[in-house]
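Down below is the structure, laid out as structure tokens.
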2 protein chains.
Amino acid sequence: MVNRLTCKLEAFGPLPEADRFLLDEVIRSAQAVGPRTDLIREGQTPSDVNLILEGFACRYKVLPTGRRQIMAYLVPGDFCDLHVFILKTMDHGIATLSACTVVKISRARILELMERPAIAKAFWWAALVDEATLREWLVNVGARKAEQRVAHLLCELLLRLRTVGLTTGNQYELPITQAELADTVGLTGVHVNRILQRLRADGLITLRSKNLVILDEERLKAFSNFNPNYLHLAEQDGLPEQCL
Amino acid sequence: MVNRLTCKLEAFGPLPEADRFLLDEVIRSAQAVGPRTDLIREGQTPSDVNLILEGFACRYKVLPTGRRQIMAYLVPGDFCDLHVFILKTMDHGIATLSACTVVKISRARILELMERPAIAKAFWWAALVDEATLREWLVNVGARKAEQRVAHLLCELLLRLRTVGLTTGNQYELPITQAELADTVGLTGVHVNRILQRLRADGLITLRSKNLVILDEERLKAFSNFNPNYLHLAEQDGLPEQCL
DNA sequence: GTCGAGGGCTGATATAGTTTAGGCTGGAAG
DNA sequence: CTTCCAGCCTAAACTATATCAGCCCTCGAC
């Protein structure tokens, strides 16, 4: 099995052989989790760190009105709750969207990994990129209009999934319902539906049965004003071979 | 001069005498910065860490459309860019809103502080709270309606400023223009104006010449659905005496 | 093969928020 | 004392998005 975590971390910089080996050890004991299942709920105190290996999960909050806001997508290679070590209780929930495979990593194990300087630095980088992504989402929801919001999100996912080797060309699996998309961009399902149609009509994308094709990457990026700087990817021509 | 940084960090937990002393050293060489001035721009590579001692600053991005989104308020005691150590270039700008006094702290100095376990842990905590706040802002803009957005923001600021001793009862200085408020909650100036009037008419707040009074704290919190859990403040009855 | 449910799609109507434009006020500058 | 300007406030027309209600597929369970 391809180690998506390694793929992701190497987008920051290459890791020593020994570190890669260590990271392979860590993802041994994966477990399957069904779709729409809470991994951890608001108010709970997590003990382990969850790492996504396959599928999509999300951070979310639910307001008393019933409105749910999704605050992050967690895709293969992403940690769910590295902050375990400092904060006692979760201020938000984490749930799977599609079916996932997940590893629970103990604090002890994480601390062990953190002793490797290259890994520690890469973990830091990953945490900071998560925060930068969150900022971009705020911009997206606060300042862009509906059509560009979803276009921007689709661009972001293209890059993120590409760095973990989960795209084929300009195409990737998006195992997400329109209602869930709506909850992430702050719109209604109805409206998201109409926007997707417009994007299709404009010849920008194809989306059928959870399979997204970006027909014109440059045009979609231009249209949504996508600037990848916030992902802080190292400028390298290709992926490490083990991620292809 | 009261050390707002210490006040803030002690909201997480008490610091040893020696650490407090060290933090006092650090804020010696403060400098004044005028209102509406960039502290650092998108694309630049910062060398020092900025710490706000007085006044309000913000993180922001400007879209090609001209629309600006404010992504965080930085109030006394807040660090601007602790991520200096890992990420090379800024993916957003930081600017003062009001006139500020700011200290520039060198990397070396920060590393020195980080050797103190209590301080290191408190810095971590502060960074994580910043991220949690960002998440809450995303919820605010994505899921709440205009009137509650503004109300929620005012509640948050009340708590944040209270922990650094900058409130008197339910009252604080909000040195911010309505247009800036609009840029932070993702609305137009016109609309923010109307909303402020409604909040006044409902007897929830008073706002005159940058001076905000929250007339009924409980009602405002209930109205805006404010849950302070994301600020992760320790449950303590009062402030350390030096912050009063 | 039928049934039922979830997801995608559609149209009509309602509303929140934007845009534009203009007037008012109070304080800073001359 | 006047002028000027930024910030605040208001009004009216407009538009993006929400709401509501319902239809139609598809696919898996039975």
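Note on naming: letters A, B, ... go to the chains in the order of the sequence lines (proteins, then strands), and numbering restarts at 1 for each one. Hydrogens, waters and symmetry mates are skipped; everything else that's a heavy atom, side chains included, is used.
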Would you tell me whether B:E156 and B:Y230 have side-chain atoms, one donor and one acceptor, within less than 3.5 Å of each other? yes
Could you tell me if A:H232 and B:D91 have a donor-acceptor pair between their side chains, going purely by distance under 3.5 Å? yes
Phosphate-side-chain proximity, [X] and [N], N/O vs OP1/OP2 below 4.0 Å:
X	N	result
A:N193	C:dG8	no
A:T177	C:dG6	no
A:Q197	C:dC9	no

5'-most contact on DNA chain D: B:A179 or B:V190, nearest heavy atom basis? B:A179
What contact category does A:L187 fall into here, base, sugar-phosphate, or nothing, at under 4.0 angstrom with non-hydrogen atoms? sugar-phosphate
A:Y73 and A:W137 aromatic ring geometry - parallel, tilted or perpendicular at 30°/60° bounds: perpendicular
Nearest-angstrom distance from the residue atom CZ of A:R194 to P of D:dC20: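 It is 14 Å, rounded to the nearest whole Å.
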Rounded distance (nearest 0.5 Å) linking atom CD1 of A:I176 with atom NZ of A:K210: 8.0 Å
Toward the 5' end of DNA chain C, which comes first, B:K145 or A:K145, by nearest nucleotide?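 Final value for this comparison: B:K145.
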Which nucleotide sits closest to the side chain of [X]: [options]?
X	options	value
A:A146	C:dG17, D:dT17, C:dG11	D:dT17
A:R200	C:dC9, D:dA11, D:dT19	C:dC9
A:R36	C:dG17, C:dG7, D:dC8	C:dG7
A:T188	D:dA18, C:dC9, D:dG7	D:dA18

